[in-house]
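Lettering follows sequence order; numbering is per chain, from 1. On a predicted model such as this, the values are computed, not experimentally measured, just so you know. Side-chain atoms are counted along with the backbone in the values below, which use heavy atoms only and exclude waters and symmetry mates.
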Amino acid sequence: MRRVSQTFFLLLFLVLLIESRLPQDIYLKYSTLLSSEVDLRIGWPVKFFFQLDPLVWLSSLVSGHHLIKGFGWALGLLLLTLFLGRIFCGFICPLGTIHHVVSRFKPTLKGERMVRANQKTPSQKVKYFLLITLLLAAIIGLNLFGLLDPISLLFRSLALAIFPGLGVGLKELFDAMASSDIKILNQLSYTAEVLVSPIFGYGYQAYRTAWFIGLIFLVILFLNRIRPRFWCRTLCPLGALLGLCSRVSMLRLEKDDEKCTDCKLCTKSCQGAASPIPGQDWENAECVACFNCFNACPEDALSFKLRWSRQMNKRPDMGRRAVLGGLAAGISLPLLGRLDGQVHKVSDPRLIRPPGSLREKDFLRLCQRCGLCMKVCPTNVINPTLAEAGMAGFWTPHLIMTQGYCEYTCTLCGSVCPTGAIKEISVKEKIEQPIIIGSAYLDRGRCLPWSGNAPCIVCHEHCPTSPKAIYLRMATVPGPDGKSLSVQLPYVDLKKCVGCGICEFKCPVKGRPAIRVVAAGESRSPKNQILLGF
Amino acid sequence: MTRRGSLKKLLQVSGTVAVSALSGWPFSARRSVWAKSEKKKFIIEGLGQTEGYAVKELTEKVFEAAGGITHFISRGDVVVIKPNISWARGPKLAAATNPEVLESVIELCYNAGAKKVRVADNTIHDARRCFAITGAGVVAKKTNADLIFPRSSLMKEMKIRGDRLDVWPVFVPFMEADKIINLPVAKDHVLSTLTLGMKNWIGAVGGRRNALHQDIHQTIVDLAQFFKPTVTLIDATRIMTKNGPSGGSLSDVAVKNTLILSDDPVAADALAAKLFNRRPEQIGFIRLAQKQNLGTYDLQQLDQKKVVL
């Protein structure tokens with residue numbers, strides 16, 4: 001029963017993750033006055049796990065003062081926790097399931113050592129420390145929950161690192177097969193690519209800092225060798241929150257001291273290090289409700305009962321130090337996050353946010369850094385930041401125009417953002433307001449016609465606005481051999497440019513394109529403007 | 001179910017990828033057929049003058065005037081159609097081939113007994129969005145044609161043997177077709193003046209296409225001598241008269257209700273140029289193409305017909 005539930009939710013998570021992209025089979029009726037302003041959307045409820053996650057709801061509420069759409073699922077889950085304890089951890093959480101599987105199939109610890117590893121340790125207080133830190137920081141204005149929230153962490157790791165990593169490996173294989181002289185291999189490569197690309201992405205996405213995201217994920221998996229479910233026991237802030245809620249839960253482990261032969265099988269199989277063995281106090285807040293102990297006990301000395309009782313369950317063992325430390329850290333983190341001045345003083349020219357993003361301050365209060373917008377982006381332009389948004393904005397989304405560009409009539413990223421850090425906008429709004437994400441400028445020294453090297457109009461040709469923000473003027477420039485060359489020279493009209501970056505992406509000048517986009521002029525920020533009265 | 005269906009179809013595609021792309025013999029074979037045909041080439045202009053004429057009927061009539069579709073497509077042929085659907089813009093903006101024309105041509109091919117009709121274009125915007133928004137996706141689904149998405153494994157380096165382009169990656173479906181129909185839309189173009197039939201082949205190659213603009217006319221002609229379509233049908237039902245090739249406003253669009261069918265790619269472009277009030281010999285790639293004997297812009301040398309609906 002537990003395994004069925006875990007498998008179901010893990011598969012659901014993976015399916016939703018894979019479906020978080022523009023499918024190939026979109027069929028629009030062209031007869032019904034089809035215009036370019038079609039709001040293509042993803043049919044699957046790809047936000048589901050984020051709506052189910054109480055941390056996403058709570059952090060958006062306390063930090064961004066915003067009630068996210070579909071938060072009813074999260075409230076439902078909290079309610080369920082009040083009755084059944086950390087049932088989410090044992091039955092639903094896909095990251096928990098992965099840890100469970102890893103811990104189970106490759107147990108490095110055998111016998112007595114496993115029993116010892118499953119004893120409760122003081123390190124389990126760390127997760128409360130983290131929860132308090134993150135919560136306080138979020139209330140003050142720095143929402144870092146996304147870094148440690150298990151759903152965001154898992155989505156980010158799989159979508160930005162693990163899947164693209166496998167995808168690139170497969171691509172290399174297919175390209176090798178396609179370029180071979182053996183015909184059957186050519187055909188196989190195409191067939192395999194057709195089968196595989198719907199899962200790993202049509203364009204073989206790549207993400208900046210993905211190696212780091214992947215490495216952290218692998219380390220977290222590796223920790224299971226030290227102790228089973230190391231993450232869930234020690235680090236997970238969602239586990240801590242649910243543990244606090246389970247104080248009043250009806251689900252109780254009843255121990256029969258008489259029957260117990262002290263074989264320790266229950267402790268050996270305990271996933272949460274929740275002291276199931278008779279003679280110790282059951283740690284209700286640590287129990288992930290996996291029911292392993294109940295199944296392992298040969299003497300039927302353990303049983304789970306649903307029953308109200310007058311007195312509450314055992315208090316979660318948070319420890320004073322963890323609480324005080326958490327409070328201190330929670331207050332200092334937001335201050336630390338401002339020290340680099342990125343939020344208030346300077347803004348990095350490369351920090352181009354997806355279309356529909358809120359003002360930087362509000363954006364940072366809501367963004368979960370989950371990577372959903374990066375996963376759905378059809379051109380792979382949205383990438384996690386490293387330093388562009390400062391320490392406070394680590395791994396938040398920004399656009400790298402050499403890697404892709406923002407499609408003029410695409411509004412997918414906002415439509416999937418689980419917290420509304422990127423507003424859901426329509427194509428009509430995007431074009432007519434317009435929503436500006438930055439502005440282009442020319443590097444005349446590198447530009448082919450400006451430098452007299454060759455005629456070229458690629459930036460103008462691709463400019464999607466109507467009328468075009470890049471215009472051409474006929475002129476004669478001196479060529480390298482001294483003869484004058486008659487060419488069309490591109491200019492940027494800042495009043496029309498929306499910063500989509502297709503000019504930078506398609507510019508034939510490789511390395512550093514001759515036309516580039518910076519964040520200045522973005523419509524979300526009244527401060528970051530170039531022109532007067534715009 | 002549709003996904004499984006399309007997977008199956010694509011499996012068949014790769015199964016029927018029969019002729020070796022590397023040897024390149026189908027092309028030399030086609031070239032010799034070309035050389036043999038002493039017959040006068042034709043050019044047919046179809047005009048829809050009556051209010052509410054059917055694009056489908058006009059397409060059929062135009063092919064009938066050329067001797068019927070069976071003249072070009074034989075039973076069991078794999079036909080690849082090259083529309084121009086590079087930009088994710090709605091059909092009304094004339095940035096892409098009219099889906100109604102595309103639909104009629106696919107139907108004609110199937111009626112002529114084609115084994116498979118494929119629609120292939122290496123788009124500029126994201127292909128999924130282009131196929132959806134231009135209406136090509138739904139047409140392909142309706143008519144049971146295959147949409148071929150550009151993929152890196154479908155680009156193969158080929159010897160173009162042009163003046164500017166020697167070896168360049170080419171979109172494989174065109175190498176493996178029995179018959180190719182070029183189905184461009186007629187548009188204004190900022191660098192090459194117009195984009196018509198011959199320029200449409202830029203959408204049939206991969207690689208660093210943005211560098212082709214540095215010698216646009218010669219590269220167009222290089223590609224035009226490499227890709228030899230069975231027939232060219234220029235969609236000028238709506239044409240983009242300015243701000244090309246991407247446009248984006250209805251004010252850039254003129255309704256011409258015209259289709260141009262020819263087995264001479266240069267003549268087709270020449271006639272289409274006249275819709276823009278331009279003299280063909282003033283357009284670089286048309287002039288160059290005639291110089292390299294790819295065809296002629298002197299329409300008097302052709303068998304000219306006009307179909308009016």
Peer 1: Using heavy-atom distances under 4.5 Å, tell me whether D252(B) contacts chain A through its side chain, its backbone, both, or neither.
Peer 2: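 Side chain only.
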Peer 1: One pair to check against side chain to side chain contact (heavy atoms under 4.5 Å, CB included): Q488(A) and L191(B). What are the steps and the verdict?
Peer 2: CA-CA 9 Å; Q488(A) 304 186 75; L191(B) 191 64; 3.9 Å; yes
Peer 1: So what's closer than 4.5 Å to chain B heavy atoms on C410(A): side chain, backbone, both or neither?
Peer 2: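 For C410(A), backbone and side chain are both near chain B.
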Peer 1: Let me know if L154(B) has heavy atoms under 4.5 Å from chain A in its side chain, its backbone, both or neither.
Peer 2: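 For L154(B), side-chain heavy atoms alone lie under 4.5 Å from chain A.
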Peer 1: Among C463(A), A454(A), C456(A), S466(A), which has the most heavy-atom pairs under 4.5 Å with chain B?
Peer 2: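 Of the options given, most contacts go to S466(A).
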Peer 1: Please list all pairs passing the salt bridge (Lys or Arg N to Asp or Glu O under 4.0 Å) test where one or both residues lie in residues 497-512 of chain A, with sequence neighbours left out.
Peer 2: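 Not a single pair qualifies under salt bridge (Lys or Arg N to Asp or Glu O under 4.0 Å).
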Peer 1: Given 3.5 Å as the limit, does a donor-acceptor pair link the side chain of R129(B) with the main chain of P378(A), or not?
Peer 2: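 No; judged by distance alone, with no hydrogens or angles, the pair does not exist.
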Peer 1: With heavy-atom distances below 4.5 Å as the criterion, would you say the side chains of H213(B) and P455(A) are in contact?
Peer 2: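 Contact flag for H213(B)/P455(A) side chains = no.
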Peer 1: With a sphere of 6.0 Å drawn around NZ of K56(B), does it hold more than 12 non-hydrogen atoms of other residues, nucleotides or ligands?
Peer 2: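 No, because the 6.0 Å sphere around NZ of K56(B) holds 12 heavy atoms or fewer from other groups.
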Peer 1: At their closest point, which heavy atom of W87(B) faces which heavy atom of H462(A), and how far apart are they?
Peer 2: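 Taking every non-hydrogen atom into account, CH2-CD2, 3.6 Å.
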Peer 1: Does a sphere of radius 6.0 Å around CZ in R164(B) hold more than 12 heavy atoms from other residues, nucleotides or ligands, not counting ones at 6.0 Å or beyond?
Peer 2: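 Check fails, neighbour count at 12 or below.
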Peer 1: Does any non-hydrogen side-chain atom of P245(B) lie less than 4.5 Å from one of E461(A)?
Peer 2: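 The answer is yes; the side chains approach within 4.5 Å.
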Peer 1: Given a strict heavy-atom distance threshold of 4.5 Å, which part of I502(A) is in contact with chain B: side chain, backbone, both, or neither?
Peer 2: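 Side chain of I502(A) only, per the 4.5 Å heavy-atom cut-off to chain B.
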Peer 1: For P464(A) and R89(B), which heavy atoms make the closest approach, and how far apart are they?
Peer 2: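 Closest approach of P464(A) to R89(B), heavy atoms only: O-NH2, 3.0 Å.
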Peer 1: If you count the non-hydrogen atoms of other residues, nucleotides and ligands that lie under 6.0 Å from CD in Q433(A), is the total more than 12?
Peer 2: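 Enclosed.
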Peer 1: So, does E407(A) use its side chain to make a donor-acceptor pair with the main chain of D126(B) at under 3.5 Å?
Peer 2: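 Judged by distance alone, yes, a pair lies under 3.5 Å.
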Peer 1: Could you check if a side-chain atom of I457(A) sits within less than 4.5 angstrom of a side-chain atom of H189(B), using non-hydrogen atoms only?
Peer 2: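 They are in contact (side-chain heavy atoms under 4.5 Å apart), so the answer is yes.
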